[in-house]
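What follows is a short report on a single structure.
Hydrogens, waters and symmetry mates play no part in the numbers below; they use all other heavy atoms, side chains included.
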Amino acid sequence: MDIDSLVQRINELARKHKAEGLTEAEKLERAELREIYLGNIRRNFRQQLESIEIVDEK
């Protein structure tokens, strides 16, 4: 699942949660999708940190 589809599904579940509530299966799906999303964010952030080069002008 690409990130856009992932975010779209998370947002669909959030809107449904506010409007009418979620079933237990949807709550589980939401939790799994959130973990995938957070894993992507953490991985991207780590890659950015690892690509930073510290330059000391001494």
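Atom CD1 of Ile54 sits about 7.5 Å away from atom CD1 of Ile52, to the nearest 0.5 Å. If you take CD on Glu32 and CG on Leu6, they are separated by 11.5 Å, rounding to the nearest 0.5 Å.
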For residues 17-25, which side-chain N or O atoms pair as donor and acceptor with protein atoms under 3.5 Å away, sequence neighbours left out?
unit_1	atom_1	unit_2	atom_2	d
Thr23	OG1	Glu26	N	3.2
Thr23	OG1	Glu26	OE1	3.4

N/O donor to acceptor pairs below 3.5 angstrom from side-chain atoms of residues 38-51, sequence neighbours left out:
unit_1	atom_1	unit_2	atom_2	d
Asn40	OD1	Arg43	NH2	2.3
Asn44	ND2	Asn40	O	3.3
Ser51	OG	Gln47	O	3.4
Ser51	OG	Gln48	O	2.8

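Here the side chains of Arg9 and Arg30 are not in contact, with every heavy-atom distance at 4.5 Å or above.
Residues forming a side chain to side chain contact (heavy atoms under 4.5 Å, CB included) with Asn11 (at least two apart in sequence, or on another chain): Val7, Arg15.
In the hydrophobic cluster analysis, where Ile, Leu, Val, Met, Phe, Trp and Tyr join through side-chain heavy atoms closer than 4.5 angstrom, Ile36 is grouped together with Leu13.
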